[in-house]
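To start, the structure itself, in structure tokens.
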There are 2 protein chains.
Amino acid sequence: MKLKSMDISATASASTIVFNALRKAIIEGQLEEGEPLRQDEIARLFNTSRIPVREAISRLQEQGLVRTQRYKGAVVAGLSPKETAEIFDLRALVEPEIIRDAVPRMSKELLAEAREKCAAFSSATDPMAYGDLNRDFHETLYSASELKFFQEIADNAIDRVERQIRAQLVMSNGMERAGREHFGILEACENGDADLASKLTRDHIQGAKASLLKHLKQD
Amino acid sequence: MKLKSMDISATASASTIVFNALRKAIIEGQLEEGEPLRQDEIARLFNTSRIPVREAISRLQEQGLVRTQRYKGAVVAGLSPKETAEIFDLRALVEPEIIRDAVPRMSKELLAEAREKCAAFSSATDPMAYGDLNRDFHETLYSASELKFFQEIADNAIDRVERQIRAQLVMSNGMERAGREHFGILEACENGDADLASKLTRDHIQGAKASLLKHLKQD
DNA sequence: ATATTGAATATTGGATCCAATCTGGTTTAT
DNA sequence: ATAAACCAGATTGGATCCAATATTCAATAT
């Protein structure tokens with residue numbers, strides 16, 4: 001008798017677990033900019049040795065989420081206002097292309113799911129959840145696209161400014177404006193208007209950039 | 001007596017040396033697609049232990065240059081024709097923006113250097129050097145741009161298709177056409193015409209993509 | 001002959017130990 | 001008092017060793 005193939009979900013390696021946990025902690029702002037990542041301390045936290053921690057850190061460095069100096073260790077990477085602006089410009093270039101590719105591939109089910117997430121975002125009351133709900137909505141729409149490298153770029157770019165996005169959402173009008181723009185993007189998707197969805201996505205990102213930069217004085 | 005601060009050029013760590021060497025070997029095609037990277041073998045090659053090798057491999061994985069499977073190791077990543085096409089589309093989106101940003105920042109010296117490299121490319125006779133000379137020309141122009149994240153994206157994208165670019169250059173007309181287009185781009189830069197330089201860069205990339213895809217049957 | 005089992009080998013993932021470098025406070029010379 | 005020299009702890013980079021898993025191939029059963 002033959003058994004089903006079962007796929008034991010491949011319990012991730014320690015280095016991957018540490019990598020994901022640190023990445024999450026960084027983009028959610030639980031670890032502040034400039035805060036040093038002590039290998040020993042992290043290893044104890046995860047009940048492992050420093051080896052998988054070092055692998056995780058080197059991957060985070062490759063993603064630009066931490067900076068390391070030889071014999072001095074890694075610190076959470078911060079962004080200058082100029083760098084933040086550049087990341088938003090990159091997003092404003094790439095993400096409209098993703099959604100343009102995605103629109104003709106969106107199923108009824110996906111659009112229904114997106115509508116739910118759009119509503120969940122607009123009715124959210126816990127500021128801690130704003131960031132996740134926002135990202136959840138956008139990624140749902142993007143997931144219909146087959147442009148996986150574009151999505152990699154967008155994911156990484158969003159990672160790098162996730163903290164600023166969260167800050168922007170709790171600013172006055174942040175949630176209200178984002179919610180309105182989300183509905184507009186969603187509607188364009190439902191109407192199959194890829195060009196409009198693309199344009200609204202670009203406006204959404206550039207609006208967030210402008211709103212954010214107003215609050216960042218120095219350079 | 002005090003010594004000059006001397007900056008011993010920070011003799012890179014072993015893991016960085018291995019990372020750079022492997023990256024170079026992969027993008028130059030010395031390691032073929034699907035070829036497994038044996039930690040032990042690489043460690044012996046560089047007279048180190050497997051620890052820095054593993055760090056190097058995890059960084060290469062993060063860059064998409066290798067794929068790894070748990071307990072099975074890493075293999076050099078290959079690209080399907082569809083993936084190759086997507087990378088070229090990404091380049092065609094990002095690199096025109098880089099050169100648009102770069103043109104108004106190009107000094108006389110930089111333009112002279114670019115002209116030399118353009119000529120060096122056109123008069124090259126060694127097919128082994130085509131790839132380096134091509135990249136050298138483009139990176140010289142791009143280096144005037146202040147968009148460092150855009151450049152990161154472009155660098156990584158070029159890394160991933162470097163082998164195909166080299167193949168395309170040795171194909172009939174490859175060098176001749178590229179050389180002609182390089183001169184066009186350079187001229188636009190010298191004339192300070194950022195829009196034209198941007199457009200020609202996009203055409204250059206899309207032309208390379210088209211020429212390449214004609215030779216890739218399956219998907 | 002073919003397919004399955006199982007042991008030997010190869011290879012990766014991780015832990016522990018050592019060496020190299022950094023950091024901070026203390027000492028010492030002027 | 002100030003600044004250079006220096007010593008001790010902290011921290012990172014790397015080597016060696018062990019455990020977990022994969023792969024290969026011979027032995028066996030059908």
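Proteins come first, then strands; the chains are lettered A, B, ... in the order of their sequence lines, and each starts at number 1.
The closest side-chain heavy-atom distance from A:Leu79 to A:Gln164 is below 4.5 Å.
Between B:Thr68 and B:Gln61, the shortest heavy-atom contact is OG1-NE2, 3.1 Å. Pairing each heavy atom of B:Tyr130 with each of B:Phe121, the nearest pair is O-CE1, 3.8 Å.
Surrounding CD of B:Glu32 are at most 12 heavy atoms belonging to other residues, nucleotides or ligands under 6.0 Å away.
Each of A:Lys72 and B:Tyr71 was matched to the nucleotide of DNA chain D holding its nearest heavy atom; the match closer to the 5' end belongs to A:Lys72.
Residues forming a ring pair (Phe, Tyr, Trp, His ring centres under 6.0 Å) with B:Phe137 (at least two apart in sequence, or on another chain): B:His182. Partners of B:Ala208 by side-chain contact (heavy atoms from CB on, under 4.5 Å), not counting sequence neighbours, listed by chain and number: B:Phe88, B:Gln168. Every side-chain contact (heavy atoms from CB on, under 4.5 Å) that B:Ser15 has, sequence neighbours left out, goes to B:Ser13, B:Pro52, B:Glu55, B:Arg59.
For the salt bridge (Lys or Arg N to Asp or Glu O under 4.0 Å) with A:Asp132, the lone residue among A:Lys117, A:Arg166, A:Lys24 that qualifies is A:Arg166.
With 3.5 Å as the limit, one finds no donor-acceptor pair spanning the side chains of A:Glu95 and A:Thr201.
A:Arg91 contributes no side-chain N or O that, together with a main-chain N or O of A:Ile87, makes up a donor-acceptor pair within less than 3.5 Å.
The span of DNA chain C lying next to chain B, judged by atoms under 4.0 Å from heavy atoms, is bounded 5' to 3' by C:dT11 to C:dA15.
Residues from residues 36-60 of chain B that place a heavy atom under 4.0 Å from any atom of DNA chain C, listed by number: B:Leu37, B:Arg38, B:Gln39, B:Arg50, B:Ile51, B:Arg54. Residues from residues 14-26 of chain A with heavy atoms under 4.0 angstrom of DNA chain D: there are none.
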